[in-house]
Chemist: 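I am attaching a structure below and will ask some questions about it afterwards.
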Number of protein chains: 4
Amino acid sequence: MIKAGIIGATGYAGSELVRILTGHREAEIVWYGSRSYIDKKYHEVYQNMFRIVEDVCRDDNLEELAEEADVIFTATPQGFLAGLLTEDILKKVKIVDLSADYRIKDVSVYEKWYGIEHKSPQFIPEAVYGLCEVNRNQITTATRLVANPGCYTTCSILTAYPLVKEGLIDVDTLILDAKSGTSGAGRGAKLPNLFCEVNENIKAYGVASHRHTPEIEEQLGYAAGREIMINFTPHLIPMNRGILVTEYAKLTRKADGSLPDWAEIRAAYDKYYAQEKFVRVLEKGVCPETKWVEGSNYVDIGFVIDERTGRIIMMGALDNLVKGAAGQAVQNMNLLFGLKESQGLELAPCFP
Amino acid sequence: MIKAGIIGATGYAGSELVRILTGHREAEIVWYGSRSYIDKKYHEVYQNMFRIVEDVCRDDNLEELAEEADVIFTATPQGFLAGLLTEDILKKVKIVDLSADYRIKDVSVYEKWYGIEHKSPQFIPEAVYGLCEVNRNQITTATRLVANPGCYTTCSILTAYPLVKEGLIDVDTLILDAKSGTSGAGRGAKLPNLFCEVNENIKAYGVASHRHTPEIEEQLGYAAGREIMINFTPHLIPMNRGILVTEYAKLTRKADGSLPDWAEIRAAYDKYYAQEKFVRVLEKGVCPETKWVEGSNYVDIGFVIDERTGRIIMMGALDNLVKGAAGQAVQNMNLLFGLKESQGLELAPCFP
Amino acid sequence: MIKAGIIGATGYAGSELVRILTGHREAEIVWYGSRSYIDKKYHEVYQNMFRIVEDVCRDDNLEELAEEADVIFTATPQGFLAGLLTEDILKKVKIVDLSADYRIKDVSVYEKWYGIEHKSPQFIPEAVYGLCEVNRNQITTATRLVANPGCYTTCSILTAYPLVKEGLIDVDTLILDAKSGTSGAGRGAKLPNLFCEVNENIKAYGVASHRHTPEIEEQLGYAAGREIMINFTPHLIPMNRGILVTEYAKLTRKADGSLPDWAEIRAAYDKYYAQEKFVRVLEKGVCPETKWVEGSNYVDIGFVIDERTGRIIMMGALDNLVKGAAGQAVQNMNLLFGLKESQGLELAPCFP
Amino acid sequence: MIKAGIIGATGYAGSELVRILTGHREAEIVWYGSRSYIDKKYHEVYQNMFRIVEDVCRDDNLEELAEEADVIFTATPQGFLAGLLTEDILKKVKIVDLSADYRIKDVSVYEKWYGIEHKSPQFIPEAVYGLCEVNRNQITTATRLVANPGCYTTCSILTAYPLVKEGLIDVDTLILDAKSGTSGAGRGAKLPNLFCEVNENIKAYGVASHRHTPEIEEQLGYAAGREIMINFTPHLIPMNRGILVTEYAKLTRKADGSLPDWAEIRAAYDKYYAQEKFVRVLEKGVCPETKWVEGSNYVDIGFVIDERTGRIIMMGALDNLVKGAAGQAVQNMNLLFGLKESQGLELAPCFP
């Protein structure tokens with residue numbers, strides 16, 4: 001039984017870790033870290049866990065936790081883990097970090113976009129970017145530190161990855177228009193996240209400045225084999241869960257000037273995803289909907305070729321709290337401990 | 001492996017049966033019955049099941065299904081099963097009926113409230129009302145036909161049952177004000193269920209005439225030891241899932257004229273539910289919320305005593321598609337086949 | 001042109017006052033009071049008012065405002081106005097108070113339910129309870145202080161008033177089950193009002209302890225001619241606006257033991273409301289829906305008689321920010337200044 | 001008093017016409033056309049109009065209506081008006097057509113995208129495209145036929161128009177990602193528009209094939225001075241009202257290779273919109289939100305320049321039923337009859 005500790009267990013991502021790990025046959029939670037609710041019963045904070053979780057919340061003590069746990073999930077604000085991580089801790093415990101602290105290899109890019117100093121850049125090189133479908137081979141039982149990808153980024157990257165990798169689209173024309181449910185904004189009591197402000201409303205935010213931009217650029221840049229710059233625009237949607245990313249790019253024309261057809265694009269997706277349990281490339285004519293993946297670890301991908309403009313419209317959907325956060329973190333944990341990758345994640349999406 | 005067939009597999013209750021049975025280790029679905037989508041792949045109707053269910057929908061052939069299945073779930077309109085059921089079928093297969101056809105013992109009451117003739121009243125006596133927490137002993141491997149309770153009724157009855165049974169409330173003053181998410185209205189394309197008609201709106205419907213009324217009266221009447229009449233008013237709420245019932249009754253005063261206190265009421269609930277996995281009586285001061293049970297088989301119950309008026313306000317919450325339909329149906333199946341009662345139903349509620 | 005000042009102009013009720021007064025031909029706003037946003041442009045707080053309102057927010061200076069305005073609307077927390085009101089102020093300006101400070105005649109009842117000391121009980125006797133349809137004759141150009149009714153109370157009282165007044169129901173059996181949109185909870189940044197906590201959820205709150213209870217009891221008590229006690233249970237609904245109250249009571253049987261019929265009940269409603277512009281008693285068989293009154297000053301009322309139980313189910317719906325707050329306040333202002341009562345309030349409900 | 005007739009008065013756009021015209025001081029509705037509800041009282045179909053509208057619905061008789069009305073609004077499916085319009089009718093009455101029948105000048109484009117034959121192409125040349133802010137001079141008291149723009153198109157065109165007209169963006173890189181509330185899908189009882197299918201969900205639809213595409217291309221093509229092709233992708237959002245369009249394009253670099261700055265772009269918007277009542281170009285850093293325009297005739301526009309990619313992100317928001325349909329139709333009516341353009345449309349947006 002793997003002993004898991006959670007720092008930030010009372011945020012939405014943390015509580016989703018609790019939900020998933022509660023159903024995981026080979027892991028158990030030994031530490032519900034929550035600075036805001038120390039000594040309070042966890043189920044008093046999340047009443048859904050009444051009679052399921054009896055533990056109380058504990059302080060965010062990373063060192064003590066390293067002694068008790070085999071793996072620590074940090075579902076914490078940016079800078080938290082970077083400020084506390086030590087070699088001593090990493091010798092004792094594996095860490096899956098749901099924050100952005102170790103996602104970006106170039107520390108100056110991190111510091112520029114996040115506006116904070118990185119307190120432990122020495123661990124960045126060894127951190128593995130935990131996008132399992134792309135980096136599976138690097139996530140092994142020897143790995144100590146996994147940088148769990150962001151919710152927008154997981155969806156954005158997986159949707160375009162095969163086409164970028166295969167050179168089928170012009171990455172300089174790549175535009176990502178993303179839409180997210182409100183749980184992505186966290187459980188903090190902020191006016192813009194009040195029901196009456198979000199309901200019956202839609203807006204863009206972080207336009208040309210959202211922090212997930214450099215993360216997407218870095219990862220798709222690896223696939224492209226060069227640095228790239230994209231436009232990424234997130235929108236807030238009046239729903240709890242779900243991210244849909246609509247991506248636009250010019251298709252690379254073939255030698256004869258013609259566009260690749262549907263089957264050729266599909267073949268590229270299949271090359272990378274045909275064996276992937278959690279990536280579902282939809283049938284021709286089907287567009288992804290966030291409701292179809294809700295509560296599950298799936299990413300659904302669809303695409304349409306526009307012959308008129310020579311562009312492809314790619315669409316990806318996932319549950320931001322599962323594949324976009326806690327589910328992917330557990331998927332990484334499974335890889336870190338040599339378990340079946342889908343252990344605890346075989347949840348069918350819940351509809352309606 | 002229990003072979004299960006579903007008639008009405010493409011309604012919301014039917015699709016929830018599919019979701020739950022897909023995760024059940026000792027049952028498999030052998031028949032996805034759907035008159036509307038014959039020969040269509042099930043996942044084309046419910047895209048959440050893409051890559052999970054590969055079967056096609058089949059006609060609603062009860063006789064053929066009786067040959068293939070060990071248990072049939074009928075998630076069908078009132079009158080469907082009553083019109084087709086035969087002794088021959090019941091000899092071959094167990095049936096869990098999610099419609100109202102065999103819930104009411106007095107056929108004239110059924111015919112009056114539902115406005116249709118009952119075509120096979122001869123099976124009513126043997127049908128067991130499948131409210132597991134109340135009738136568990138009657139649901140055995142010898143049982144052939146289970147009348148799975150309605151969503152409103154499950155919530156309404158379980159919330160009041162211990163107090164009625166123990167004579168702690170005056171049933172003649174019992175008033176039930178119920179609120180339901182829209183999935184309870186089914187997947188039929190009807191104007192009143194359009195998004196724009198339901199969203200940002202609330203209304204009562206079926207006032208003093210809703211068909212779940214006699215079902216509640218019959219079951220609570222058994223608990224009371226006499227015939228009772230109640231007021232039951234359902235309301236449509238702009239949410240997908242969830243039922244909350246708020247129940248009002250005068251508390252029975254003790255010999256000295258005083259009211260029972262919180263601990264006495266709590267003891268009555270505990271007498272019946274302390275050992276029940278799926279009924280959670282909440283701690284003092286906590287009111288149930290539908291979100292805390294979403295996606296799970298739990299019923300959450302809370303209560304407040306109003307010293308001023310001498311009334312108790314009882315509140316119960318459940319997920320209408322799980323404990324209110326498919327989950328309870330699987331709970332019944334587990335009992336019918338001698339399995340662990342919670343098999344396939346150990347789903348933690350999903351929040352937010 | 002009546003000069004109006006608003007204290008608490010950046011709460012939801014205050015902003016609705018701005019919306020309504022902006023369209024009022026005989027009033028203009030001269031003071032946008034908001035302690036939280038002093039010197040900030042009002043339209044930066046409420047972007048809907050961009051290019052409509054150019055003023056900046058000002059401090060809550062009641063004395064200065066009394067010099068500048070003809071009428072002050074106080075959309076402030078309980079205790080605010082009571083702590084500042086003086087005879088000097090009332091000599092200069094009329095006040096429509098949207099808080100509860102002067103609604104309850106018995107100051108000990110106020111202090112018990114609100115848990116604060118009342119700082120100026122000397123003004124309670126002269127305050128007129130501004131439920132126009134009931135107290136119209138008392139709201140005259142001589143009135144200085146109007147206690148604008150609460151949202152739940154307006155709906156609760158108007159729905160039952162004629163039947164209580166005419167003795168058609170037994171007030172001791174009166175139970176009010178109320179459902180409100182989330183704007184009633186105000187614009188404060190509190191966790192329970194976050195989108196993800198409210199959406200897809202329903203709960204009761206303030207059970208047997210909500211502060212609107214004594215206000216309803218006092219007003220319906222006047223109608224009954226004696227003190228009464230009721231049960232009032234509010235619920236939070238995932239919608240922005242709207243209140244629906246479902247009320248239950250035993251009908252008073254006639255001398256021959258029979259129940260009053262639909263026409264008799266209807267006649268009682270018509271006696272009080274037939275000439276009322278803003279109270280719409282619906283046709284037989286029609287139940288009120290909050291969406292049908294959204295954005296307007298209407299209260300819609302319907303009822304159903306349950307012959308079986310001898311009870312009547314009354315239902316009332318209004319927009320909590322209009323008839324439940326700002327609209328009624330303007331209706332009162334119109335009466336205070338001898339204007340046409342519906343001036344500025346002739347807004348057709350907005351659907352969908 | 002202008003006599004107005006509405007064909008299709010019981011659809012959502014038709015009902016919004018009723019709401020707006022009810023508050024219009026110089027127009028009255030003389031005909032509520034609704035093939036589905038002939039002889040039924042209008043307020044029985046739209047209960048919000050109870051005690052406001054007493055008329056019954058009448059058949060869609062264009063000829064008879066032409067005798068009775070000064071102006072006819074046709075809020076009807078594509079092909080309806082084209083199939084009935086005659087010179088005789090146009091001699092008697094002005095028509096504001098809310099369908100697409102006369103929006104596209106090239107009849108072959110219309111027939112290709114709509115998949116139906118155009119039955120009266122002879123009237124296309126005289127029809128004026130009723131985008132008032134762009135074509136105001138062509139909408140005069142001499143005009144007989146106005147093609148009222150679509151909801152997506154109004155928003156899409158107005159958001160980009162000044163920059164296209166001034167050559168500030170490369171129209172070949174223009175991508176429009178649109179998000180719409182569900183009322184845009186109409187009041188037809190269709191499964192995909194059920195509450196449970198839309199709520200907690202988002203999807204793209206009509207990808208690379210939506211019928212508003214050629215309309216946007218035609219109008220922006222006029223501004224560009226040449227034919228253009230764009231990508232337009234609509235998404236369905238779980239809200240009743242509102243459209244947000246996020247538009248992406250490469251900025252045209254200046255002779256020295258630099259990008260235009262914020263002030264230069266703003267100046268271009270001001271050149272066209274500074275005097276426009278219903279177009280609000282927001283202050284720097286403010287992104288439009290649909291809730292800020294709800295219920296009003298405003299279009300809110302904001303933009304962000306991305307120095308990194310050389311693109312501009314333009315955002316426009318409107319209420320699809322007002323400026324996107326009924327409001328704009330009334331704005332056109334006002335121009336057709338020489339009234340003040342904003343008559344009946346001075347509705348402040350309703351928040352929350």
Chemist: Which pair of heavy atoms, one from B/A189 and one from D/L191, lies closest together, and at what distance?
Modeler: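 Here B/A189 and D/L191 meet closest at CB-N, 3.7 Å.
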
Chemist: Between chain B and chain D, going by a 3.5 Å limit, which atoms form donor-acceptor pairs, if any?
Modeler:
residue, atom, partner, partner atom, Å
B/Y12, OH, D/E197, OE2, 2.5
B/R187, NE, D/E197, OE2, 2.8
B/R187, NH2, D/E197, OE1, 3.0
B/R187, NH2, D/E197, OE2, 3.3
B/N193, O, D/F195, N, 2.8
B/F195, N, D/N193, O, 2.8
B/E197, OE1, D/R187, NH2, 3.0
B/E197, OE2, D/Y12, OH, 2.6
B/E197, OE2, D/R187, NE, 2.8
B/E197, OE2, D/R187, NH2, 3.3
B/N199, ND2, D/N240, OD1, 2.9
B/N240, OD1, D/N199, ND2, 2.9

Chemist: Measure distances from D/P238 to the heavy atoms of chain B and classify the residue's part below 4.5 Å as side chain, backbone, both or neither.
Modeler: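 Contact with chain B is through both the backbone and side chain of D/P238.
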
